[in-house]
Undergrad: 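Structure below; questions to follow.
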Amino acid sequence: MIQTNQIKPDMPVVCSEDGQFATVDHMEGTDTLKLKKDKGGQHHYIPLSWVSSTEGNKVKIDRPGDQAMQEWSQTPPTVTGH
């Protein structure tokens, strides 16, 4: 399991093909990564469940970059009560 304290702002986010496609802004809650704004000025969000490792000071995810960019969210996840 990935330890969220290992994920730091400004870490590169790399896809399963080893290409960087984003940069971490910060953790949003306990299970979502908020990414820095893209060239269009939009933040994106990816679930922590996509992260396969944090080795080499990079956040590596378990899918190709094209797929990740199709599936990421442009809005933060809704927080539900417990």
Side-chain angles (χ1 to χ4, degrees):
M1 180 163 184
I2 299 299
Q3 299 296 318
T4 57
N5 64 350
Q6 296 174 337
I7 299 173
K8 307 289 185 199
D10 300 317
M11 287 178 78
V13 181
V14 296
C15 65
S16 60
E17 302 156 322
D18 286 326
Q20 180 178 346
F21 74 95
T23 304
V24 174
D25 190 281
H26 64 270
M27 285 295 300
E28 185 88 6
T30 58
D31 60 356
T32 303
L33 278 77
K34 182 178 182 179
L35 306 177
K36 289 198 178 269
K37 290 180 181 178
D38 62 17
K39 293 175 188 167
Q42 176 68 52
H43 284 287
H44 297 280
Y45 301 84
I46 61 171
L48 184 63
S49 61
W50 289 9
V51 177
S52 58
S53 76
T54 56
E55 294 176 19
N57 207 30
K58 297 178 183 175
V59 175
K60 184 158 185 168
I61 63 166
D62 65 357
R63 60 200 66 214
D66 288 344
Q67 179 183 349
M69 289 186 280
Q70 289 174 2
E71 295 176 359
W72 63 12
S73 174
Q74 293 186 353
T75 57
T78 306
V79 178
T80 57
H82 296 280

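Numbers here simply count residues along the sequence, with the first being 1.
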Undergrad: Extract all donor-acceptor atom pairs below 3.5 Å that involve side chains of residues 47-55 and protein atoms in other chains or at least two apart in sequence.
TA:
from, atom 1, to, atom 2, distance (Å)
S52, OG, K60, O, 3.2
T54, OG1, Q6, OE1, 2.9

Undergrad: With S16, which residues qualify under side chain to side chain contact (heavy atoms under 4.5 Å, CB included), at least two apart?
TA: P64
Undergrad: If you look at every heavy atom in G65 and C15, which pair is closest and at what distance?
TA: N-CB, 3.2 Å
Undergrad: Got I46 and T32 here, is their nearest side-chain heavy-atom distance under 4.5 Å?
TA: no
Undergrad: Would you check if the side chain of Q20 reaches a backbone N or O of A22 as a donor-acceptor pair within less than 3.5 Å?
TA: yes
Undergrad: For the atom pair OH (Y45) and CG (L33), what is the distance rounded to the nearest 0.5 Å?
TA: 11.5 Å
Undergrad: Mind checking the CG-CG spacing from N57 to D10? Nearest 0.5 Å is all I need.
TA: 10.0 Å
Undergrad: Any chance you could measure H43, atom NE2, to K36, atom NZ, to the nearest 0.5 Å?
TA: 8.5 Å
Undergrad: What's the spacing between D31 CG and M27 CE if we round to 0.5 Å?
TA: 7.0 Å
Undergrad: Starting at CD of E17, measure out to CD of Q67 and round the result to the nearest 0.5 Å.
TA: 9.5 Å
Undergrad: Which is it for L35 and T23 under the side chain to side chain contact (heavy atoms under 4.5 Å, CB included) test, yes or no, and what are the steps along the way?
TA: CA-CA 6 Å; L35 306 177; T23 304; over 6 Å; no
Undergrad: Checking the side chain of Q42 only, and the main-chain atoms of Q74 only, is there a donor and an acceptor separated by less than 3.5 Å?
TA: yes
Undergrad: With sequence neighbours excluded, tell me which residues meet ring-ring contact (aromatic ring centres under 6.0 Å, His included) with W72.
TA: F21, H44
Undergrad: Same cluster or not: I2 versus V24, using hydrophobic residues (I, L, V, M, F, W, Y) connected whenever any side-chain heavy atoms lie under 4.5 Å apart?
TA: yes
Undergrad: What pair of heavy atoms forms the shortest contact from V13 to I61, and how long is it?
TA: CG1-CG2, 4.1 Å
Undergrad: Return the CG to CE distance between D25 and M11, rounded to the nearest 0.5 Å.
TA: 14.0 Å
